[in-house]
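Nothing here was measured: the structure is a model prediction, and the numbers come from that model. Below, chains carry the letters A, B, ... as their sequence lines are ordered, and counting in each starts from 1.
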Amino acid sequence: MTTTQDTTTPKEKTSGVTYTPEDGLLLEVEDLYVEFHTPDGIATAINGVSFDLHQGESLAILGESGSGKSVTAQAIMGILDMPPAVIPGGHIRYCGQDLLSMPEDQRRRTRGPEVSMIFQDALSSLNPVFPVGWQIAEMFRMHRGVNKSDALQQAIRLMERVQIPAARDRVKAYPHQFSGGMRQRIMIAMAIALDPAVLIADEPTTALDVTVQAQIMALLEELQQERQMGLILITHDLGVVADVADRIAVMYAGRFVEKADVVELYSAPAHPYTRGLLESIPRLDQKGQTLAAIGGLPPNLMRIPPGCPFNPRCRRAEDVCRRDRPELREVVPGRLAACHFAEEVINA
Amino acid sequence: MPEVILSAQDLVKHYPIRSGVLRRVAGQVKAVDGVSFDLHKGETLGIVGESGCGKSTLGRLLMRLEEPTSGKVIFGGEDWSGASGRKLRQMRRNIQIVFQDPYTSLNPRMTVGDIVGEPLEIHSDVVPKGGRRKRVQELLDLVGLNPEHINRYPHQFSGGQRQRIGIARGIALNPSVLVCDEPVSALDVSVQAQVVNLMEKLQDELGLAYVFIAHDLSVVRHISDRVGVMYLGRMAELGEEDEVYSRPTHPYTQALLSAVPVPDPTLRGKRDQIVLQGDVPSPANPPSGCRFHTRCWKAQEVCTIDEPELEMRPDGVGAHLSRCHFAEPRLILETVDVSDVEPDTRFAGTEVQDMSDLGSGLGAAGGGEDLGSSAADAGVERSSALHPDTDQAPQDTTRLVDEQPGDDRPTR
Ligand SMILES: Nc1ncnc2c1ncn2[C@@H]1O[C@H](COP(=O)(O)OP(=O)(O)OP(=O)(O)O)[C@@H](O)[C@H]1O
Ligand SMILES: Nc1ncnc2c1ncn2[C@@H]1O[C@H](COP(=O)(O)OP(=O)(O)OP(=O)(O)O)[C@@H](O)[C@H]1O
Ligand code: SF4
Ligand code: SF4
Ligand SMILES: [Mg+2]
Ligand SMILES: [Mg+2]
């Protein structure tokens, strides 16, 4: 058992179980479905999502509000409220072991320290009635069996690592005594405390000013490099993705409509929705831009249109789009898109 | 340059901080602390700055929704600072406001027709009673909403549509100035572009001048002719869009610009990155001298003592207003002029018409549950997370205004 968390590798954990990623493959999500059974009907929030995540890799999941980004993360973390959520199909494998088919206690032991998450809203995910240092220290005590004063020392070291000024003096401060940016740093500290192999960051900077956003993203990137974590960055911001991610998966109505290397996707999007997004955002480095807005709205998840879910908003749509659902397929090597006319789009 | 229509002169707004059982005044939040600018006819002035720098307060002062602690608002050459009663009403007719949060700024129990038509009821001389419904339908059409939806309620619309309703109401009286406080911040990117395009169209057609308040520097660049950068209640830099974005001279502007992510992965690692240390100080206790000195990498001793004036300082090409002792231009990122580039509309459109009736399942049934799962509510949630300490603003602006006697502005 090790207590110096800076040197722990993802393989050594107090649970005694060791997980070794094969070829660096940490996480595999395969054909995942999530439904919400509500009094008004069944909302299909996730509709067959698959992806892999390797050590040291950062994958961005990009999508507009309601597209299913957080639900995907919650399914991986096992924190969906069931009911109303139901997972009618799919696999989530961590180092080859299917989390969804494990008994609950084993799942918790695995997922707990190995996969961790930073939530969209830092304030509501910190406990307001306990000092932040205590909250971090408690994680070391519970998961690592460290004694109280060592745990507090480790908490201070971690707060310093995430650049909380005067960490030693602030270890007894309460969440409300920190600014939004600091609270987000504390969330990051808690998320990396147990040296997870996978870190999921759900809109980690959405509520923050740009200058603070830049600090937080730089910190996350640095920590990821340092610890070779697999990072899943959930965001709606195409700018943040361009700055941070290696790969990107674009989500629309609970499906991935496009998956690609970031540089390739930005230079030649293969799906009309991705293309539309890129053309509808104003760019800081351009003047005189005409914004090509995407008309309409994302579909109601209880009534996803037949055929291609994007067809009511797509200018390229034809009869086949209203009839047949395009599968996510390889358009050119390494480029996946779910569009009947992806070849045309990518070459446009 | 066209004539000045609205001008802020040394506007100040201090809010008392009360503490203790006796609620004694323990200090002042200097929300807006000496802001001046001119707004010209038909132009867009963007106001940017980080959370809490005083943007919304400035908007409310311009509308006279709040009394300034000191300073003046001049509209059409006349000082409206002390105006009340009839004079104030007349002014309010010419300056309207659109709020950030399209959900809470619309009365949920009123139909869209009532909401958009309310200013016409208050200023009853503008359109005779019999013609008001028609005028409301015209307005809905103008902002790209289906005029047949006049009897629907706000919850039956998405966030983007609600923002259109807010705009329709804002322009109902043919104002010459529209103050827009974060009008697109709560919207998803694809919908944001629809509303931005609509605002540009309306400006062209109606000759409106906008004060466009936002924290998103990219959106502000896109829509603005001139831009003011605020820091702790003061204007740090003010100039033409090009001057501020291509030749910023104030360190704060430079830092802000360098922090904005640009959707181009080929620029990664190649951009001029200025990482600011620390957080914005409290507006109750702003730093001495230059307010930015606690975070400025160029700060010298003089900066902690003497506050620099907002004055014309050379920017390499010409000069524009900047409040820094050591102002000098710094290229943060190369600007590409794409005015001649036609957008590719084969896959996405440029229409300002709202197309959400097309199959989104929203228009037809129009029940609240339709929206429960869509962009709108989550967007609203996000916006309130973004702006935790605002929303002191009255929910409704023109409702503050009662009867409206004669006015010489013609209606369309
Ligand atoms: N507990 C729940 N009950 C019913 N529906 C839910 C529940 N949680 C999520 N949903 C629905 O699932 C869909 C996907 O939600 P999700 O939170 O994943 O969106 P998101 O992509 O994270 O959006 P945002 O950018 O707004 O965070 C939404 O339509 C949402 O309304
Ligand atoms: N009614 C009020 N009473 C006391 N303080 C106030 C009041 N309204 C605003 N403030 C304070 O004044 C400062 C400026 O607030 P304002 O809402 O104008 O900022 P803003 O630039 O609009 O910020 P944001 O980007 O978050 O909307 C903040 O510190 C705020 O807390
Ligand atoms: S499949 Fe058809 S409707 Fe769907 S994105 Fe492609 S062209 Fe558009
Ligand atoms: S005056 Fe001094 S502290 Fe202020 S912005 Fe200029 S260099 Fe920085
Ligand atoms: Mg989410
Ligand atoms: Mg505000």
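- For the options B/I332, B/D242, B/D340, heavy-atom pairs under 4.5 Å to chain A are most numerous at B/D242.
- For the options A/T38, A/V210, A/T211, heavy-atom pairs under 4.5 Å to chain B are most numerous at A/T211.
- Within the 4.5 Å cutoff, the side chain of B/V196 has no heavy atoms near those of the A/P282 side chain.
- Between A/Y266 and B/P263, the shortest heavy-atom contact is CD2-O, 3.3 Å.
- Contacts with chain B were tallied for A/V241, A/L265, A/N311, A/V244; A/V244 has the most, counting heavy-atom pairs under 4.5 Å.
- Only the side chain of B/L333 comes within contact range of chain A, with at least one heavy atom under 4.5 Å from a heavy atom of that chain.
- Contact count against chain B (heavy-atom pairs under 4.5 Å) is highest for A/E279 among A/H271, A/E279, A/M217.
- In this structure, chain A has a heavy atom under 4.5 Å from the side chain of B/Q192, while its backbone stays farther away.
- B/V189 pairs in a side chain to side chain contact (heavy atoms under 4.5 Å, CB included) with only one of the listed residues (A/D237, A/L278, A/L62, A/I281), which is A/I281.
- You'll find the side chain of A/K287 stays beyond 4.5 Å of the side chain of B/S246, heavy atoms only.
- Remark: the backbone N or O of B/L276 is paired with a side-chain donor or acceptor of A/Q215 at under 3.5 angstrom.
- A/V345 touches chain B through backbone and side chain together, each having a heavy atom under 4.5 Å away.
- Heavy-atom distances place both the backbone and the side chain of A/A348 under 4.5 Å from chain B.
- Looking at A/V262 and B/R268, their side chains come closer than 4.5 Å, going by heavy atoms from C-beta outward.
- Both the backbone and the side chain of A/L238 have a heavy atom closer than 4.5 Å to some heavy atom of chain B.
- Taken to the nearest 0.5 Å, the CG atom of A/L284 stands 13.0 Å off from the NE2 atom of B/H222.
- Heavy atoms of B/T335 lying under 4.5 Å from chain A belong to its backbone as well as its side chain.
- If you tally non-hydrogen atom pairs under 4.5 Å between each of B/A259, B/P261, B/G269 and chain A, the highest count goes to B/P261.
- Comparing A/S67, A/C314, A/A245, A/A45 by heavy-atom pairs within less than 4.5 Å of chain B, the highest count is held by A/A245.
- A heavy-atom distance below 4.5 Å is found between the side chains of A/R283 and B/D264.
- Heavy-atom distances place the side chain of A/M182, and not its backbone, under 4.5 Å from chain B.
- Interface residue A/Q213: only side-chain heavy atoms are found under 4.5 Å from chain B.
- With a threshold of 4.5 angstrom between heavy atoms, A/V263 approaches chain B through its backbone and through its side chain.
- Of the possible donor and acceptor atoms, one in the side chain of B/Q194 sits under 3.5 Å from a partner among the backbone N and O of A/I294.
- Residue A/Q289 touches chain B through both its backbone and its side chain, counting heavy-atom pairs closer than 4.5 Å.
- At a 4.5 Å heavy-atom cutoff, B/E200 makes no contact with chain A through either its backbone or its side chain.
- At least one side-chain heavy atom of B/L267 sits under 4.5 Å from a side-chain heavy atom of A/D285.
- Of all heavy-atom pairs spanning B/N197 and A/L291, the tightest one is ND2-O, 2.9 Å.
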